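Step one of this worksheet: look at the structure below.
Atoms within a ligand are numbered from 1 in the order they appear, just like the ligands themselves. Along the sequence shown, residues are numbered consecutively beginning with 1. Keep in mind it's a predicted model, so treat the numbers as computed, not measured.
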Amino acid sequence: MRILLVFGTRPEIIKLGPVYRALNDAGADIDVFWSGQHVELADGLLDLFGMTPTYRGAEVVLQMGLAGKHGVIMQQIDKILREVRYDWVVVQGDTTTAAAAATAAFTSRVPVAHVEAGLRTGTIMSPWPEEFNRRVIGQAAALHFVPTALARDNLLKEGVGPRRIAVVGNTVVDALLYARNRIGSDYVPRDPEVATLPADKKLVLVTLHRRENIGEPMRDILLALRDLGGDGDKIIALPVHLNPGVRADVKAVLGDAPNVRLLAPLFYGDFVHLMGRAWTVVTDSGGVQEEAPTFGLQILIARESTERPEVIEAGFGTLVGSDRGKIVEGVRRLTEGSARQLLPAHNPFGDGAASRRIAECLTESNVKPIECYTSLPSNYRLWQAGR
Ligand code: UDP
């Protein structure tokens with residue numbers, strides 16, 4: 001079984017890291033393509049999961065717009081697939097890297113397996129361009145590894161055959177448990193700024209990066225954080241994303257705000273460490289919405305809608321958009337009292353075994369290229385949530 005694992009951005013590396021490890025354990029022959037869509041944000045991640053890219057993307061990718069990146073990545077994957085015959089190309093999520101690789105594999109008639117399939121907002125422009133990317137990958141994929149029953153239902157509604165869908169959970173939970181185990185309880189953070197965050201204040205962890213928040217909405221969210229810093233009992237920690245649009249507004253609104261610490265993007269171990277200390281999280285990130293429930297954290301989602309409604313249904317998340325009043329009120333409510341308000345419920349996104357299920361599926365299926373587009377073998381397993 002020869003597999004090409006493709007990723008480009010920080011969240012893809014985090015979510016495919018445990019898949020790489022599980023495939024290795026299952027004896028698959030794995031090559032890794034890293035497009036380099038994120039470079040600095042990926043610092044330390046490949047080492048954490050013990051991955052070495054077989055192929056690296058072209059340096060020019062960083063300078064290009066989304067269409068340019070898409071084209072270059074497609075060409076590179078196409079070149080690789082002309083030279084090496086893979087049984088599967090595995091992509092994750094909804095990035096430009098994943099959409100480009102899935103398209104290239106489809107046109108080369110190599111079966112695509114999509115990890116974290118089936119997420120939909122139903123609105124093609126939001127999130128942009130991720131909703132478009134997901135749908136494109138959904139068309140190209142022969143196998144859809146969905147995190148939840150809801151994601152499975154989204155695909156069934158689009159006409160995907162049930163035997164092509166496996167409900168396995170989200171691999172981010174596997175990554176989180178792996179990282180938490182690796183860093184241990186006496187972890188010394190890599191970033192000295194993290195190590196020196198005051199322990200006597202209530203930690204509010206914040207991440208903001210979505211394109212649709214940049215501009216007016218972002219400024220309103222940042223003003224809310226400024227208000228909260230003024231309360232005095234909290235410390236607001238914000239690892240600032242490298243997106244220049246995000247950086248400019250963060251500096252302008254929060255540069256001199258009291259009790260606000262602007263940090264560099266954090267190594268995953270440092271971020272996991274902070275989630276373990278936080279009282280609440282304000283975020284527009286997809287991955288953080290999926291991770292927070294493992295810590296029992298109640299979070300405020302700084303978006304108008306989410307393709308991860310399970311986090312709200314399970315009681316962990318509240319949508320606050322960019323509403324300054326709602327963010328201030330929500331954080332104050334979740335930081336009341338002398339103890340963190342953690343929920344004892346299960347994480348609706350997974351149990352930490354998604355990667356093992358994916359590896360079993362891919363290595364046991366014995367599907368030959370092309371054949372899998374029409375039928376999957378009878379021993380092919382479907383995992384249903386709760387089974
Ligand atoms: N994360 C990290 N360092 C940070 C902020 C986030 O390692 O400073 C991790 C976080 O735990 C999650 C992932 O990055 O696993 C989320 O990435 P991001 O928010 O960039 O993308 P999204 O999930 O929205 O696609």
Flag Arg10 as yes when one of its N or O atoms lies below 3.5 Å from any N or O atom of ligand 1, and as no otherwise. yes
When Val246, Leu263, Leu222 are each screened for side chain to side chain contact (heavy atoms under 4.5 Å, CB included) with Leu238, the one that passes is Leu222
Measuring from Leu208:CG to Ser322:OG, what's the distance to the nearest 0.5 Å? 10.5 Å
Using distance alone, determine whether Gly286 and ligand 1 share an N or O pair under 3.5 Å. yes
Going through the checks in order, is the side chain to side chain donor-acceptor pair (under 3.5 Å) test met by Thr95 and Glu130? CA-CA 6 Å; Thr95 65; Glu130 288 84 359; over 6 Å; no
Could you point out which residue of Thr363, Leu16, Leu23, Val115 forms a side chain to side chain contact (heavy atoms under 4.5 Å, CB included) with Ile358? Val115
Filtering Val281, Leu266, Leu274 for the heavy atom nearest atom 3 (N) of ligand 1 leaves Leu266
Please indicate whether any nitrogen or oxygen in Pro239 is less than 3.5 Å from any nitrogen or oxygen in ligand 1. no
Are Leu342 and Phe295 packed together at the side-chain level, in the sense that at least one heavy-atom pair is separated by less than 4.5 angstrom? no
In terms of its nearest heavy atom to atom 15 (O) of ligand 1, the top option of Arg308, His209, Glu291 is Glu291
What are the atoms of ligand 1, with element, lying closer than 4.0 Å to any heavy atom of Tyr268? 7 (O), 11 (O), 15 (O)
Out of Ala175, Gly287, Ala292, indicate the one that has the non-hydrogen atom closest to atom 23 (O) of ligand 1. Gly287
Please list the nearest protein heavy atom to atom 16 (C) of ligand 1 with its residue and the distance rounded to 0.1 Å. Ser285 OG, 3.6 Å
Kindly say whether Thr121 contributes a backbone atom to a donor-acceptor pair with the side chain of Glu131 at under 3.5 angstrom? yes
Taking atom 9 (C) of ligand 1 as the point of reference, which of Leu238, Leu176, Leu48, Ile14 owns the nearest heavy atom? Ile14
For atom 25 (O) of ligand 1, closest protein heavy-atom neighbour: Pro11 CG, 3.6 Å
Using a plain distance cutoff, I'd like to know if Lys15 has any nitrogen or oxygen under 3.5 Å from a nitrogen or oxygen of ligand 1. no
Heavy-atom contact under 4.0 Å between Arg210 and ligand 1? yes
Looking at Asn133 and Asp94, would you say the former's side chain and the latter's main chain have a donor-acceptor pair under 3.5 Å? yes
Non-hydrogen side-chain atoms of Val90 and Leu362 separated by less than 4.5 Å: yes
